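Just so we're clear, the structure is a prediction, and the values are computed from it rather than from any experiment.
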Amino acid sequence: MSIQELEQQLLSLDLAERIRILQLLAQSLTVPRASQPSPSPNELNLTRDRTPGASST
């Protein structure tokens, strides 16, 4: 099936069906936290705990 054929089929679905497909696609792109590899020492830690309302300076 070509991309154009797939696009036509998707556009023929009602809104609820298209939303469900988007949800499934989003879920397939996320990796469960338990299966994520441990960060290496060279990676930045972007998940630091911050106090709500604290300035970033």
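- For Q9 (side chain) and L6 (main-chain N/O), no donor-acceptor pair under 3.5 Å exists by modelled atom type.
- More than 12 heavy atoms of other residues, nucleotides or ligands lie within 6.0 Å of CG in L11, so this atom counts as buried by the packing criterion.
- Atom-to-atom distance recorded for I19:CD1 and L24:CG is 12.0 Å, nearest 0.5 angstrom.
- One finds the CG atom of L13 at 5.0 Å from the CD1 atom of I21 (value rounded to the nearest 0.5 Å).
- We find the CG-CD distance between L10 and E5 to be 12.0 Å, quoted to the nearest 0.5 Å.
- Going from atom OG of S2 over to atom CD of Q8 covers 7.5 Å, rounded to the nearest 0.5 Å.
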